[in-house]
**Student:** 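Pasting a structure here, questions to come.
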Amino acid sequence: MENILAGAALLARWDVVIALFAGSIGGVIIGAIPGVGPAVAIAILLPATFSLDPIVGLTVLLGIYGSSMYGGALPAVLINTPGTAVNALTASDGYPMTLRGQAHRAVSLAYSASFWGGIFGILCLILLTPLLAWVAPQFGSREIFLAALLGIILVVLAYRGQVMAAGMLAMFGVFLQTVGLDAITYTQRYTFGMTFLSSGVNLIVVVLGLFALSQAFFLLVEPDDSPKPQPVSGSLFGGFKELLKHKRIATVASGFGVIMGMVPGVGEFTAQFMSYTYAQKTSKDPDSFGNGSPEGLVASEAANNAVPAAAMIPLLALGIPGEALTAMMLSVFYVHNVIPGPALFQNNIDFVYALYLALIILNVIVVLFLISATNLMTKIIQVPTRLLGVIILMLSFVGVYSLRNSLSDCMMAAGFGVLGLVLKRLNLPIVPIVLGMVLGGIMEVKLRAAMARVKTPFDMIDRPIAFIIFIVILLVLGLHMRALVRDWQANQKDADHDLHDTQIR
C-alpha cells in the first residue's frame, strides 16, 4: 500500500495530469484516423518527450500506446477500415453489424471489451510485480544477453513465411547500432571516413524514418480519400451489460493478450488469432464469425487491449522491449537515466507503481471520452489522407531536426523513410530493424560485461536462469525446424499427388 501511495503522489502533479489526458485522448484520435497509428505518433513525439520529466514523457507515450486501439475500433466498425492494423478482426465482425443497422451496439461492445481487456492486463501486471521484483535481481549480464538473444529469435520467427527476410532485417538493425565511435576502445566503426557517422546512427532518426516518414510518403503517393461514416445514435453504456453475457470469452481473450504480450515479437496479432479461434470453436453459433458475431468482436478487442500492459513486463523487469512501441519507450528511460531492469524495482518502485496507476486512469479516461464524444470522432475520421501525409511529413522533419539541429539527421531519416516505403510495398516487416538496433545494443554491452568472467562457452550457461533461457532458445529453434520439416513433407505429398493425377490423365 505504501508503494501505491508513493506512485499516486508522483501522478498528483498538474503536468502529469495534463499528460494523462493529452496522451489518452490523443491516442484515441490517432487510432481513429486510418493511416496514422500509434507507431507514427510515438515516433513523432519522441524528441519532444526527451525534454520532459520521465514520468510526464512516459505517461504521454503510454496514453497513446494504450488508447490507440480503442480509437482504431471506430473506423473498423463504421467504415470497414481498421484505424490500426490490430483492429482488422474487429472490422470482420463489427462492420457486418453496422450493415444490419447495429452500429450503436457494435461500437458499444467494442468499447466495453477493450476496457475489460485493458484493465485485466493491468491487474495481471500489478499482481506480477512481487514476482518481477524477486526475479529481476537474479538476472546478470549473461542472463540478459541470452534473454535479448531469445527476443531477437522470437521476433524473427514470428514472421511465418518471411523468416529469412525478417532475420536479415534484424541483423541489419544490429549492424546499424555498431556504427560510430566505440565507447570502450574509442575506435571508429563502419564510418568510412564520414564525420557525421562518428556519433552513430540515432535510434530516433531510424524510428522516425521507418515509421513516420515512410507512412507520410505512402499517404502522399496513394489516391486521396476522405471516408464518411454515419453518426452513431443512442447511449453507449449498453455494451457493458451485454459484455457480461460474454464474460468467459472476454476473460480468456484477455488472458491470451497477457501471455502473448509478455513474449517478445508476438504481441496483438497472435493474441487476437488465438482468442478469436478459441471463441469460434467454443461458440454455439460458429458460422456467424466473420458475419457480425458479437463474440468475435469481444474476443478481438479484449485480446488486443490486454497486450500493452503485458508488454511492459519484459521492458520493466529486464529492460528488453518486445515490440517497436516499447522499444521507442525504452529510449525515454535511457535519456533520463532511469534504466529498466533489476535496479528499477529496487530503487524506483514508486515510479513503477505510478506507471501502473497511469495505465488504469487512462483506460477510464478513454472510455468516458468515447462514450461522450463518439460522433465527434466520426468527423475526425474524415480527414483527407493526403493532408495527413503532409502533416506527418512536416512534424517528422521538425522532430528529427530538433534532436541535434542536424541536416545530416534529416537526410538520414529521409533515406530510412524511403527504405520503409519500399519494405511496405514489398510487404516486408519493419519492426525487426528497430528491435535489432535496441536488442543488439543490449547484447553487445552485456556480452562485453560477461566476458570478463567467461573462460569457456559453457561458462555462459553455468547458472540456473542462464541455462533455462539457453534451453528455451534450443526448444524454440527446434520447434521451428520441426515445423519447416512438416511443411516440406506436406508440400512433397501435394506435389507427388499432383504428379500422380497428371500421369493417370
Side-chain angles (χ1 to χ4, degrees), residues 28-29 31-34 67-119 227-254 257 268 271-273 275-280 283-306 363 366-382:
V28 172
I29 294 171
I33 303 174
S67 63
S68 59
M69 296 170 203
Y70 280 91
L74 191 61
V77 169
L78 297 182
I79 60 174
N80 200 28
T81 303
T84 68
V86 296
N87 294 110
L89 282 177
T90 305
S92 69
D93 281 302
Y95 187 64
M97 293 176 71
T98 298
L99 294 178
R100 295 201 299 260
Q102 298 178 333
H104 163 265
R105 178 190 179 197
V107 169
S108 177
L109 201 56
Y111 293 165
S112 54
S114 296
F115 183 76
W116 182 292
I119 297 298
K228 292 180 171 52
Q230 296 298 315
V232 178
S233 59
S235 172
L236 295 175
F237 283 100
F240 289 92
K241 184 177 180 180
E242 185 176 0
L243 182 68
L244 295 177
K245 300 177 183 178
H246 309 297
K247 57 182 180 293
R248 174 184 58 84
I249 290 174
T251 304
V252 173
S254 302
E268 295 93 345
Q272 271 190 324
F273 175 78
S275 61
Y276 195 85
T277 303
Y278 167 82
Q280 186 173 23
S283 174
K284 296 179 180 178
D285 186 17
D287 295 334
S288 66
F289 280 69
N291 298 300
S293 169
E295 293 174 299
L297 186 61
V298 168
S300 171
E301 285 298 297
N304 63 33
N305 277 272
N363 275 274
V366 167
V367 167
L368 293 177
F369 172 74
L370 283 171
I371 287 175
S372 60
T374 290
N375 283 324
L376 174 63
M377 296 295 296
T378 61
K379 303 294 183 184
I380 295 172
I381 295 172
Q382 301 177 33

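All residue numbers refer to positions in the sequence shown, counting from 1.
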**Student:** Rounded at 0.5 Å granularity, tell me how far CG in Leu297 sits from CG in Leu243.
**Tutor:**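 The distance works out to 10.0 Å.
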**Student:** Give the minimum heavy-atom separation between Gly118 and Asn363, together with the two atoms involved.
**Tutor:** CA-OD1, 3.8 Å
**Student:** When rounded to the nearest 0.5 angstrom, what distance separates CG in Leu370 from OG in Ser112?
**Tutor:**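 Leu370 atom CG to Ser112 atom OG measures 11.5 Å (nearest 0.5 Å).
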**Student:** Could you tell me which residues satisfy side chain to side chain contact (heavy atoms under 4.5 Å, CB included) with Ser275, sequence neighbours excluded, listed by chain and number?
**Tutor:**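 Scan of Ser275 (side chain to side chain contact (heavy atoms under 4.5 Å, CB included), adjacent residues dropped) gives Ala253, Phe256, Ala299, Ala303.
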**Student:** Sub-3.5 Å donor-acceptor pair from the side chain of Asp93 to the main-chain atoms of Ser293, do we have one?
**Tutor:** yes
**Student:** Minimum heavy-atom separation for Val298 and Leu109, please, with both atom names.
**Tutor:**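 The answer is CG2-CG, 3.8 Å.
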**Student:** What distance do Lys245 atom NZ and Glu295 atom CD have between them, rounded to the nearest 0.5 Å?
**Tutor:** 11.5 Å
**Student:** Could you check whether any side-chain N or O of Ser114 sits under 3.5 Å from a backbone N or O of Ala110, counting only pairs where one atom can act as donor and the other as acceptor?
**Tutor:**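 Yes, the answer is positive, given that a donor and an acceptor are paired below the 3.5 Å cut-off.
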**Student:** Find the distance between CD1 (Ile249) and OG (Ser300) and round it off to the nearest 0.5 Å.
**Tutor:**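 Rounded to the nearest 0.5 Å, the CD1-OG separation comes out at 12.5 Å.
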**Student:** Distance check, rounded to the nearest 0.5 Å: Ser283 atom OG versus His246 atom NE2?
**Tutor:** 9.0 Å
**Student:** For a 4.5 angstrom cut-off between non-hydrogen side-chain atoms, does Trp116 reach Thr251?
**Tutor:** yes
**Student:** What pair of heavy atoms forms the shortest contact from Tyr70 to Phe115, and how long is it?
**Tutor:**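 What the structure gives for the nearest pair is OH-CA, 3.1 Å.
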